[in-house]
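See below for the structure under consideration.
Below, read A as the first sequence line, B as the second, and so on, with proteins coming before strands; counting in each chain starts at 1. Because the structure is predicted, anything quoted here is derived from the model rather than measured.
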Protein chains: 2
Amino acid sequence: MASVSRAMNGGSGVTAATSERIHAAASRLQYVPHAAARMLITRRSNTIGALLPDLHGEFFSELIRGIDLAARARGFHLLVSSSHDSAEEAAAAMRSMQGRVDGLLILSARVDAAFLRSNLPKSLPVVLINSAVKSTAHTVLNVDNFAGASAMVQHLLQAGHASVAFIAGPQSNFDAQQRDKGYRAAMAKYAPNAPIHIVAGDFTEESGYRAGRELLAQQTRPRAVFAANDMMAVGCLTAFKEAGLHVPQDIALAGFDDIPVARYVTPPLSTVRVRIVELGRIALEQLVAQLEKTEPLPAHADTLGCEIVIRESCGASLIATSSQNILSTSHP
Amino acid sequence: MASVSRAMNGGSGVTAATSERIHAAASRLQYVPHAAARMLITRRSNTIGALLPDLHGEFFSELIRGIDLAARARGFHLLVSSSHDSAEEAAAAMRSMQGRVDGLLILSARVDAAFLRSNLPKSLPVVLINSAVKSTAHTVLNVDNFAGASAMVQHLLQAGHASVAFIAGPQSNFDAQQRDKGYRAAMAKYAPNAPIHIVAGDFTEESGYRAGRELLAQQTRPRAVFAANDMMAVGCLTAFKEAGLHVPQDIALAGFDDIPVARYVTPPLSTVRVRIVELGRIALEQLVAQLEKTEPLPAHADTLGCEIVIRESCGASLIATSSQNILSTSHP
DNA sequence: AACCCGCATGAAAACGATTACGTTGCTGCT
DNA sequence: AGCAGCAACGTAATCGTTTTCATGCGGGTT
């Protein structure tokens, strides 16, 4: 019956009395509208898809948490497909989500503009998270790795550490690249005479350990070390301890991410925190904003600020948290 | 056209030639079958729902990972709704998933048999994870908290620690109850003359810290402490360090869960590990098994074993891992 | 009193797939 | 040659909702 539909949804064009009768009957019969039939005719699923790589731990759970909370607040369901480690897997997942979702949230290092074009209908709204893609066709939401890294290096220098070395992440990783740039920029600005000192790493604890040993083996030991992520900082810390060095007295150390472990190592690790829940929330809200506009929204590129968290490992006891807020830039 | 459907799906009753033509045309036109239309007529969504409480960190991400991997392997999609902290929220989420999913995976302390009966059609297959529900109507999959806790206490006693105290979890929590029982059982069996010594906790780090102080304030200090989870063990460790005690020389310590932090505290924490990915995988597979049988499968109650992980905090350097496998019991 | 307008309501089409069923055409047997 | 049987394929019904459109009713205006 048509009035039933009207009563259950908008309610416009139905007497209060009939609406009342309908709702009573509906709850008496435990009537639940059939989602598929509704989807078929409305061409909306009220579902958004999240396509994620093979992530472990805190980052994954907090991101999903942010997305999920925001989605529920907006009345959307969340279809998750994670643990993709090849581009083909991700493509297959993308295609199989076709038609089940109204929009897609994608976090994947391997996804680029061409990939999206060939695997998705261009009508499907997409928000890219932490992606190097500079597309005018898709909205992109990044973490301000550059500002975070640069703020931490600035802090280390201003805390009196004359030389700061950097343990880099994987070269192909976008976040790692940005952090590298942040390190170089801060060095150039605040310690133009100090040498740029970079050793390789790949974001694993093991690689951080090797990098720590490599740093100690060189003839001039840096006064402070900034690792491109916390896991490497933890590995590096192990190397320093093995060598009998005291952190931060002999050498200062800082990481990036603020994973939970950072608080529990000895000494507690200074690091750069990303508000992951918020990252997820904002990504979802941008996507929903696109859905609700009929005309395609101009592509946006947003950046979520991060804050430095000073603990003991960097040798500055003051609790200084320089936090940036959301800086937003949009291009046509 | 009917042959299209036949060609795309089973393929029975279609010439190889026509099937070929159809597939060619389909890929040329980038044809993707409309999920909603298929759902409507088939009455299957190929989607399973996961209803989870407000979990943080590793446990959540690994569980989802296990579920997701298994779901993709079986061709199912995964609809997630997490971060529920009240029963009403969970109920609302359950109802809104109605008709979108073929089955439901539920992990929630607050869900009991009556709750399920009143919020879900009894035709919807459900697998309960870590639930106290003893229902003949639903399959339940639990972690063997009892055996894990009991094995750890046994280990502590046999390592020569004459007295073992226990920091309990929240009384309402099913896992906490089982771990408590495991402690008592092992004490009764392996140290019948030692006193049962329990202090309260609520699974938070803070409560572990308080429990640690409380233990030290009492006149007889236990030789070892077993905390019902790792976070409390970490808090307790802080209390011991503050009091100038050395772990494990002065007092031994063990936890439960094997969260990542356990490896990084000093000394590294002995604990009981749960294979969470596997928990998720098995839960999903049980659910799928129910879906694929036409007649309702008899309700199962399965238990996933866990293994004790010996590090330094318990004062036994031997690398003994006593692992139970899956013990399965089914009732009519 | 006649007419018109607005509003509540029901009838029917549409969405895009699956599937039961009917039709066609071919093969092979008598 | 005629007929039975079978395989391939198309027609049409179906799923449950939304939405458009027509209908009928009541009230207000002239």
Side-chain angles (χ1 to χ4, degrees), chain A residues 1-47 49 75-77 79 94-103 120-121 123-125 291-292 294, chain B residues 1-47 49 75-77 79 94-103 120-121 123-125 291-292 294:
Chain A
M1 199 187 319
S3 296
V4 173
S5 176
R6 283 187 278 261
M8 302 300 287
N9 302 345
S12 143
V14 194
T15 310
T18 22
S19 172
E20 173 58 30
R21 262 192 314 137
I22 288 172
H23 278 104
S27 72
R28 183 165 42 81
L29 302 177
Q30 292 203 291
Y31 166 79
V32 181
H34 196 289
R38 215 214 285 270
M39 265 172 79
L40 179 59
I41 189 79
T42 36
R43 336 214 99 240
R44 286 190 113 242
S45 58
N46 284 313
T47 303
F76 279 84
H77 290 261
L79 199 58
M94 268 174 56
R95 278 192 295 263
S96 83
M97 279 192 174
Q98 281 269 15
R100 300 183 164 264
V101 299
D102 297 337
L120 281 183
S123 57
L124 190 71
L291 295 182
E292 289 177 348
T294 48
Chain B
M1 199 186 321
S3 296
V4 174
S5 175
R6 281 187 278 260
M8 302 300 285
N9 302 345
S12 143
V14 195
T15 309
T18 23
S19 172
E20 174 56 32
R21 263 193 313 136
I22 289 174
H23 278 103
S27 72
R28 183 165 42 83
L29 303 176
Q30 290 202 293
Y31 167 79
V32 181
H34 197 288
R38 210 213 287 266
M39 265 171 78
L40 179 59
I41 189 79
T42 322
R43 335 214 99 240
R44 285 189 114 243
S45 57
N46 285 313
T47 303
F76 278 84
H77 289 261
L79 199 59
M94 268 174 56
R95 278 192 296 262
S96 83
M97 280 193 172
Q98 281 271 14
R100 301 183 164 264
V101 298
D102 297 336
L120 282 182
S123 58
L124 190 71
L291 296 181
E292 290 177 348
T294 48

Between [atom2] on [N] and [atom1] on [X], what's the gap in Å once rounded to a whole number?
X	N	atom1	atom2	result
A/Q98	C/dG16	CD	P	14 Å
B/M8	C/dG16	CE	C1'	13 Å
B/L40	D/dT17	CG	C1'	8 Å
A/I22	D/dT17	CD1	P	13 Å
B/M39	C/dT18	CE	P	14 Å
B/R44	D/dT14	CZ	P	24 Å
B/R38	C/dC15	CZ	P	19 Å

Of the listed nucleotides ([options]), which one gets closest to any side-chain atom of [X]?
X	options	result
B/H34	D/dT11, D/dG16, C/dG16	C/dG16
A/P33	D/dT18, C/dT18, D/dT17	D/dT17
B/I41	C/dA17, D/dT17, D/dT20	C/dA17

It should be established whether [X] places a side-chain nitrogen or oxygen under 4.0 Å from OP1 or OP2 of nucleotide [N].
X	N	value
A/R43	C/dA14	no
A/T15	C/dC7	no
B/T18	D/dC9	yes

Does the side chain of [Y] come within less than 4.5 Å of [X]'s, by heavy atoms?
X	Y	value
A/R95	B/Q30	no
B/L124	B/M94	no
B/R44	B/N46	yes
B/R100	B/T47	no

Item checked: Toward the 5' end of DNA chain C, by each residue's nearest nucleotide, B/S3 or B/A36 -> B/A36
Item checked: Non-hydrogen atoms of B/I22 and B/S3 that approach each other most closely -> CD1-O, 3.7 Å
Margin query: On DNA chain D, does the nearest nucleotide to B/R21 precede the nearest nucleotide to B/A37 from the 5' side, or the other way round? Give the residue.
Written below: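 Result: B/R21.
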